[in-house]
There are 2 protein chains.
Amino acid sequence: MTPETIKVACSNCNLRELCMPVGLNRDELQKLDDVVSNRRKVAQGEPLYRNGDPFTSLYAIRTGFFKTSVASEDGREQVTGFQMAGEIIGLDGITSDRHNCNAVALEDAEVCVMPFANIEHLSREFPVLQRHVHKIMSREIVRDQGVMLLLGNMRAEERLAAFLLNLVQRLHARGFSRSELVLRMTRDEIGSYLGMKLETVSRTFSKFSEENIIEVKQRWVKILKPEALKKIFNPDSCN
Amino acid sequence: MTPETIKVACSNCNLRELCMPVGLNRDELQKLDDVVSNRRKVAQGEPLYRNGDPFTSLYAIRTGFFKTSVASEDGREQVTGFQMAGEIIGLDGITSDRHNCNAVALEDAEVCVMPFANIEHLSREFPVLQRHVHKIMSREIVRDQGVMLLLGNMRAEERLAAFLLNLVQRLHARGFSRSELVLRMTRDEIGSYLGMKLETVSRTFSKFSEENIIEVKQRWVKILKPEALKKIFNPDSCN
DNA sequence: CAGGATATTTGACCTGTATCAATGCGCCGA
DNA sequence: TCGGCGCATTGATACAGGTCAAATATCCTG
């Protein structure tokens with residue numbers, strides 16, 4: 001094991017097409033290495049941070065899978081997102097210098113720790129990085145608004161179809177299959193994200209399965225008819 | 001009309017405790033004046049920007065009331081927020097250099113136009129401003145996640161109670177009554193925001209009214225028992 | 001000031017999803 | 001290899017909120 005493989009380095013990370021370094025040139029990439037202070041492993045089921053924790057850093061996911069969630073004061077949990085390799089989490093903490101949600105690893109994971117002070121410092125020097133940070137935050141806002149549309153307007157089948165299409169699309173961007181996936185989350189967590197009960201999630205999976213749109217076996221899912229899913233998600237896009 | 005009243009100037013804007021200038025000192029405030037290129041009036045019902053419009057600027061609301069909304073491809077609209085004086089809109093446009101939602105004035109309004117290039121330029125010079133911009137974006141993310149919790153987990157009464165409490169709290173921060181308000185949006189728009197049908201919104205208003213928690217007459221609402229609303233919104237906070 | 005368009009309220013009924021409950025599957029540790 | 005436990009599936013039933021419809025109130029315009 002050479003020092004290079006141990007040292008934190010965006011400049012030779014294989015996620016650089018998906019993660020913070022998007023669009024940076026070689027020089028800027030070198031500089032970005034300084035932003036990442038170290039890596040941190042998070043075991044399955046363990047929190048990366050919790051609601052109320054002091055905010056210091058953003059995290060770039062190297063490996064593994066996370067969920068973020070908020071809770072109402074009487075304990076109801078809402079999953080606000082599922083994050084995979086190359087995605088940035090922790091943005092919720094900037095407003096109040098404390099985290100405003102929980103981030104829990106759904107499988108053993110490793111993240112790059114990027115102290116936010118470093119990010120701010122460097123993005124004053126590099127407009128490209130500054131712009132990139134702004135885009136990441138804005139993208140999260142747009143994503144959240146898409147979830148609102150889902151939760152506010154769509155029916156169970158539409159929600160699940162949208163969810164599956166979104167997941168598989170993101171996985172495909174990471175080199176995985178376009179049609180097969182292994183869910184890292186429980187039916188309950190899917191339900192929490194989609195605003196439905198776990199039984200409804202299960203029933204909807206079964207329904208899609210009966211209609212030969214997908215094949216399901218517990219956490220393993222194969223998408224047989226992606227167009228059918230798209231049509232459910234967006235009735236107008238038929239043909 | 002003196003030149004001063006026409007010239008755009010954060011340094012003597014009466015919203016400076018609520019808007020972009022929060023926490024800036026006199027010097028920084030002077031600089032911030034340069035960020036605002038001009039003002040723009042938007043008549044009731046008119047869009048400030050539309051989904052797909054090129055993104056150039058953020059907007060600080062000086063007067064008036066806006067709604068932002070996204071739409072699914074088959075035309076269903078989801079209101080993603082209501083914005084009032086001192087709030088910043090347009091953040092949705094940063095990711096893709098095009099706006100990703102619609103912003104429509106619900107009453108005659110005036111906004112300060114802040115070209116995003118200016119904001120980025122100046123926030124490279126002033127860490128305080130940089131931090132402030134980041135906080136504004138992060139706050140929007142946290143707000144959106146709160147809406148997800150609302151849409152995913154709460155029942156109609158809880159949603160409307162939360163909505164009213166939030167509105168009246170923001171209005172109070174702007175010097176308005178803590179208990180009386182005039183809704184600037186229709187039942188349909190409230191319903192779209194809260195993920196329920198206009199009839200349900202109306203019924204829920206009537207229910208609160210029968211229980212003497214509020215008094216309603218069309219758009220005019222008086223909150224008689226704020227604690228009762230809080231209790232509905234969060235069953236655990238009772239006493 | 002009249003008249004039509006728009007927004008709101010209210011009622012009756014229906015449906016999608018929640019709830020409650022039982023069974024089944026699969027993984028992990030002893 | 002065998003329990004045991006967490007997760008998933010499936011069924012039966014209930015209910016919150018949606019849908020459809022009609023009456024009423026308000027606002028704008030000519």
Side-chain angles (χ1 to χ4, degrees), chain A residues 43-45 67 76-79 104 106-108 150-164 181-211 214-222 232 235, chain B residues 43-46 65 67 76-79 104 106-108 150-164 181-211 214-222 232 235:
Chain A
Q44 185 177 58
K67 69 168 178 183
R76 284 174 289 183
E77 190 190 46
Q78 172 72 32
V79 171
V104 173
L106 294 180
E107 61 182 4
D108 290 351
L150 199 93
L151 292 172
N153 277 294
M154 302 206 177
R155 295 174 320 97
E157 290 177 34
E158 301 177 277
R159 294 180 197 195
L160 193 64
F163 171 73
L164 286 173
L181 66 157
V182 175
L183 300 170
R184 310 263 84 125
M185 70 295 280
T186 66
R187 298 289 188 263
D188 198 24
E189 287 161 337
I190 297 172
S192 171
Y193 181 57
L194 298 178
M196 49 208 253
K197 295 289 146 179
L198 70 95
E199 294 94 330
T200 308
V201 174
S202 182
R203 272 184 242 277
T204 310
F205 269 123
S206 301
K207 179 155 190 286
F208 286 172
S209 180
E210 278 160 33
E211 292 167 340
I214 63 173
E215 215 180 315
V216 200
K217 202 174 183 193
Q218 308 279 128
R219 304 268 178 119
W220 175 87
V221 178
K222 181 167 187 175
I232 289 167
Chain B
Q44 185 176 59
E46 293 301 309
F65 205 90
K67 69 167 177 182
R76 282 174 289 184
E77 190 191 46
Q78 172 72 33
V79 170
V104 173
L106 294 180
E107 60 181 5
D108 290 351
L150 198 91
L151 291 172
N153 277 295
M154 302 207 178
R155 294 173 323 95
E157 290 178 33
E158 302 177 277
R159 294 180 197 195
L160 193 64
F163 171 73
L164 286 173
L181 67 156
V182 175
L183 299 170
R184 310 265 80 127
M185 69 294 282
T186 66
R187 298 289 188 264
D188 198 23
E189 287 161 337
I190 296 172
S192 172
Y193 181 57
L194 298 178
M196 49 208 254
K197 295 290 146 178
L198 70 95
E199 295 94 329
T200 309
V201 174
S202 180
R203 272 184 242 278
T204 310
F205 269 122
S206 300
K207 179 155 188 289
F208 287 172
S209 180
E210 278 160 33
E211 292 165 340
I214 63 173
E215 214 179 315
V216 200
K217 202 174 182 193
Q218 307 279 130
R219 305 266 177 119
W220 175 87
V221 177
K222 181 167 188 174
I232 289 168

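Below, chains carry the letters A, B, ... as their sequence lines are ordered, and counting in each starts from 1.
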Nearest-Å distance, CZ (R187(A)) to C1' (dG26(C))?
13 Å
Side-chain contact test, heavy atoms from C-beta onward, threshold under 4.5 Å: evaluate it for L151(B) versus R159(B) and give yes or no.
yes
DNA chain D: 5'-most and 3'-most nucleotides touching chain A, 4.0 angstrom heavy-atom criterion:
dC7(D) to dA12(D)
To the nearest 0.5 Å, what is the distance between OG1 (T186(B)) and CZ (R219(B))?
6.0 Å
Give, for atom OH of Y193(B) and atom CG of L150(B), the distance between the pair rounded to the nearest 0.5 Å.
7.0 Å
What is the nucleic acid contact for S206(A), judged by heavy atoms within less than 4.0 Å: base, sugar-phosphate only, or nothing?
sugar-phosphate
So K207(B), base contact, sugar-phosphate only, or nothing? Heavy-atom distance under 4.0 Å.
nothing
Any side-chain heavy-atom pair of E189(B) and L106(B) under 4.5 Å:
yes
Could you state the interatomic distance from CH2 (W220(B)) to CD1 (I214(B)), rounded to the nearest 0.5 Å?
9.5 Å
Under the salt bridge (charged side-chain N to carboxylate O under 4.0 Å, His left out) test, which residues partner R184(B), sequence neighbours left out?
E107(B)
For E199(A), give me all partners under side chain to side chain contact (heavy atoms under 4.5 Å, CB included), at least two apart in sequence or on another chain.
K197(A), R203(A)
What distance separates L198(B) CG from D188(B) CG, expressed to the nearest 0.5 Å?
5.0 Å
Report all interatomic pairs (protein N or O, nucleotide N or O of nucleotides 17-20 of chain C) with separations under 3.5 Å.
| unit_1 | atom_1 | unit_2 | atom_2 | d |
| --- | --- | --- | --- | --- |
| dT17(C) | OP1 | A156(A) | N | 2.9 |
| dA18(C) | OP1 | K197(A) | N | 3.3 |
| dA18(C) | OP2 | K197(A) | N | 3.2 |
| dA18(C) | OP2 | T200(A) | OG1 | 2.3 |
| dT19(C) | O4 | R203(A) | NH2 | 2.8 |
| dC20(C) | N4 | E199(A) | OE2 | 3.2 |

Please report how far the helix from dC1(C)-dG30(D) to dA30(C)-dT1(D) bends, comparing the axis fitted to its first five pairs with the axis fitted to its last five, to the nearest 10 degrees.
50°
About how many Å separate OG of S202(A) and CG of L160(A), when rounded to the nearest 0.5 Å?
10.0 Å
Contacts of E211(A) that satisfy side chain to side chain donor-acceptor pair (under 3.5 Å) - sequence neighbours left out:
K207(A)
Could you tell me the separation between the CG atom of L183(B) and the C1' atom of dT8(C), rounded to a whole number of Å?
12 Å
